[in-house]
Student: 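One structure, as structure tokens, below. Some questions next.
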Amino acid sequence: MPLRRILIANRGEIALRIVRAARALGIESVLAASAADRDSVAAREADRTLVIGPSPARASYLDARLVVHAAKSAGCDGLHPGYGFLSERHSLAALCEEEGIAFVGPSAESIQAVGDKLAARRLAKAAGVAMVPGSAKLESARAAVAFADDIGYPVVTKASAGGGGRGMVVARDAKSLREGFERASVEAKEAFGDGTLYVERYVEHARHVEVQVMGGGDGRVVHFGERDCSLQRRYQKMVEEAPAVALSDATRARLHKAAVDLLAPINYRNAGTVEFLYDVDRDAFYFMEVNARIQVEHPVSEMIAGVDLIQLQLRVAGGEPLPLQQSDVAAKGHAIEVRVIAEDPDRGFAPSPGQITTWRPPHGPGVRLDSAMEEGTLVPPYYDSMIAKLIVHAVDRPAAVALLGDALAQFEIKGIATNIPLLRAIASHPDFVAGRFDTRWLETILLPSYGQRKDS
Amino acid sequence: MTDINAQDIEAIVTRFDESTWDELHVVIDGFEIYLSKNPSDRLQASSAVSRATEAATLQALPTAVSANAGGAGSSSAASQPVATDFPEQFVVVRAPNLGTFYRSPKPGAPPYVSVGQPVDPDTEICLIEVMKLFTSVSAGVRGTVRRILAEDSQLVEFDQPLFLVEPRA
């Protein structure tokens, strides 16, 4: 049965995006907002707003019982979790299932199956999807060298008891692995109380590529192409584009198939993204994880595929069979998204909440802005710092890059510090223009040179 | 002591509130209640009267206050300011989060508190239910309940006014 009224358990641009997608389908929206967001644009446009709790997210947006109680009390038959917050809590999906509310996302069972790292790896293995080649726990440096000789160098040691860079040593040959192994083991022992190591292939030049899918819940899974999200700082994506120009058509086709093969066997329902690490030198990709929700960067896929993924989510959640087949999806042109954040790159990305006094976003053909900001909006200090997503779409990548540069030049925000000057520097950098970057480029090449530009 | 309970007091207050009387002074055994619609008209409580004696000045609050804040259908009740035409020192007890407001511990049981009833900071005055989880709300102040601003078993939002309490030292 199509949804009649949904509860939106989120805030910011995605809440507004969902309000409008619902409205376009004739679905009423009830916004569950924190006290800080009671006067937000999304609250203004929603049919009804319920203030569920105080500003801190843990007492409002992160309380599954509160949002489900609000949904029930307001007579909602669906609940859209957006991204972040509760979106990947299988307990929320389960609570909705118990209460007869359609969760706009995968089943609780699917969220659990892909959310658990080991379970997800089992799924990938069963689907024949490659993962980064790695060893089991290793007893000695000799065993490590034997394994590395087998898979080839470079390799990286990892602590089996934890992560965060401790116990990690990159080795490019047997000699450096033998030397590094002991050092890494001691480091792991000190950090985690357990010096056990394993060895993985080290990907020198990696790109983050991911495939957008939509499952019908009946075993049918359609993909909407891939995205390249290699420009990251501290694992936070800053620029995303579609398609991924680093891939050959053959590799691209294999990547899409891998994503579909991974999720079809569990009858995956609704939107999801399968993330891969692409090894540029070897032309190989490795499964990383599944994100069982709509993602921040979904607009670039919408632009090239000409679909509205949020509307599709609402229709599938309402029980409609997937309204399109793979052959209906064709990629047109190139799209790039940049995330505008209220952080100051010149002060170590210090958060910069406050009141927006000037807000002049760019306009024009091929320019899209997903944002819930306007002049006078107070950017609260409680939540994620993203204030806008600027998306451009053009016939090919060079045209899209040029359009991005123009749009960023027009974009004027005053009252708070943002990363717009940094985004302009990225958009005009020769490496970016040429599409020549990997996951370490932003942190190791661009940011140091950007900092120097400021000093000189 | 008398057998007068919270419901009796509420009945007296309600009767007075709906009347055209300017003031009402009731003395029964050790119980004494004085109601007036004139804010400046306050009975001087003497130490001689018993615990239950309240220097009760009831404001002629516009009915809009309760109608305004009590309706679950109102989409932004919590964002509407509470009527300010009650004495400044009155304390508004607000909902700690969204939930269903219950005045009684269980269906059919007498309410935790009624208008005119004295409360201590730790006196339980209502329940807020979220998905079958009931959390009690305390008055947070020593005083007398003067108004109940939300409707029983209706949805209340975070920060929505539930009670008006006149504090007392």
Side-chain angles (χ1 to χ4, degrees), chain A residues 5 7-9 11 19 28-76 79 86 89 91-101 382, chain B residues 65-84 91-107 125-141 148-163:
Chain A
R5 183 185 299 157
L7 184 102
I8 300 167
R11 63 178 305 279
V19 167
E28 288 177 16
S29 53
V30 178
L31 184 72
S34 77
D37 292 327
R38 59 162 50 119
D39 298 319
S40 65
V41 182
R44 207 164 64 210
E45 291 200 14
D47 293 289
R48 184 179 178 189
T49 297
L50 291 172
V51 179
I52 56 170
S55 302
R58 80 190 131 65
S60 49
Y61 296 113
L62 286 173
D63 190 327
R65 303 174 68 88
L66 270 186
V67 302
V68 175
H69 192 90
K72 278 180 67 183
S73 305
C76 296
L79 184 152
L86 295 167
R89 296 271 179 91
S91 54
L92 174 63
L95 205 52
C96 286
E97 283 164 19
E98 281 166 32
E99 299 296 334
I101 295 168
Y382 311 104
Chain B
V65 173
S66 45
N68 185 354
S74 163
S75 68
S76 57
S79 57
Q80 288 164 6
V82 199
T84 48
V91 172
V92 182
V93 182
R94 294 168 182 272
N97 51 259
L98 171 140
T100 305
F101 171 77
Y102 290 106
R103 287 190 56 198
S104 318
K106 55 183 74 157
I125 55 173
C126 68
L127 290 175
I128 300 287
E129 180 236 326
V130 178
M131 299 297 290
K132 310 277 193 302
L133 191 75
F134 293 81
T135 310
S136 65
V137 176
S138 303
V141 60
I148 296 165
L149 303 170
E151 268 175 62
D152 189 47
S153 68
Q154 293 297 313
L155 185 71
V156 293
E157 295 178 56
F158 165 71
D159 214 29
Q160 185 170 321
L162 305 176
F163 297 90

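Order of the sequence lines fixes the chain letters, A, B, ..., with proteins taken first and strands second; residue numbering starts at 1 for each chain. All values below come from the heavy atoms of this structure, side chains included, with hydrogens, waters and symmetry mates left out.
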Student: Under 4.5 Å, counting heavy-atom pairs only, tell me which of A/P54, A/A74, A/A35, A/S34 racks up the most with chain B.
Tutor: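 Of the options given, most contacts go to A/P54.
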Student: Indicate yes or no: at least one non-hydrogen side-chain atom of B/F101 is less than 4.5 angstrom from one of B/S153.
Tutor: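 Side chain of B/F101 against side chain of B/S153, heavy atoms only: no contact under 4.5 Å found.
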Student: I need the B/M131 CE to B/T100 OG1 distance, nearest 0.5 Å.
Tutor: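 Nearest 0.5 Å value for the CE-OG1 distance: 10.5 Å.
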Student: Is any residue of residues 64-73 of chain A within less than 4.5 Å of chain B by heavy atoms, and which ones?
Tutor: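 Residues A/R65, A/L66, A/V68, A/H69, A/A70, A/K72, A/S73 are the ones that qualify, each having a heavy atom under 4.5 Å from chain B.
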Student: Please evaluate residues B/C126 and B/I148 with respect to the criterion side chain to side chain contact (heavy atoms under 4.5 Å, CB included), reporting the C-alpha separation (whole Å), side-chain torsions for both, the decisive distance (0.1 Å), and the verdict.
Tutor: CA-CA 10 Å; B/C126 68; B/I148 296 165; over 6 Å; no
Student: Just how far is it from atom CD1 of A/I8 to atom CG of A/L50, taken to the nearest 0.5 Å?
Tutor: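 The CG atom of A/L50 is 11.5 Å from CD1 of A/I8, to the nearest 0.5 Å.
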Student: So which atom in A/T49 and which in A/A33 form the shortest heavy-atom distance, rounded to 0.1 Å?
Tutor: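 That would be CG2-CB, 4.0 Å.
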Student: Considering all heavy atoms of both residues, which atom of A/I52 and which atom of A/A32 are nearest to each other, and what is their separation?
Tutor: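 Where A/I52 meets A/A32 most closely, the heavy atoms are CG2-CB, 3.8 Å.
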Student: Can you tell me how far apart CD (B/E129) and CG (B/L155) are? Round to the nearest 0.5 Å.
Tutor: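 Here the interatomic distance stands at 10.0 Å.
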Student: When only heavy atoms count and the cut-off is under 4.5 Å, which of residues 132-141 of chain B reach chain A?
Tutor: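 Against chain A, the residues of residues 132-141 of chain B that fall inside the cut-off (heavy atoms, under 4.5 Å) are B/K132, B/L133.
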Student: Closest approach of A/G75 and A/R5, non-hydrogen atoms and distance?
Tutor: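 In terms of heavy atoms, the two residues are closest at O-NH1, 3.6 Å.
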Student: Please answer whether the main-chain N or O of A/S29 pairs with a side-chain N or O of A/D47 as donor and acceptor at a distance below 3.5 Å.
Tutor: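 Yes: the side chain of A/D47 pairs with the backbone of A/S29.
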Student: Give the minimum heavy-atom separation between A/D37 and A/A43, together with the two atoms involved.
Tutor: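 Minimum heavy-atom separation between A/D37 and A/A43: O-CB, 3.8 Å.
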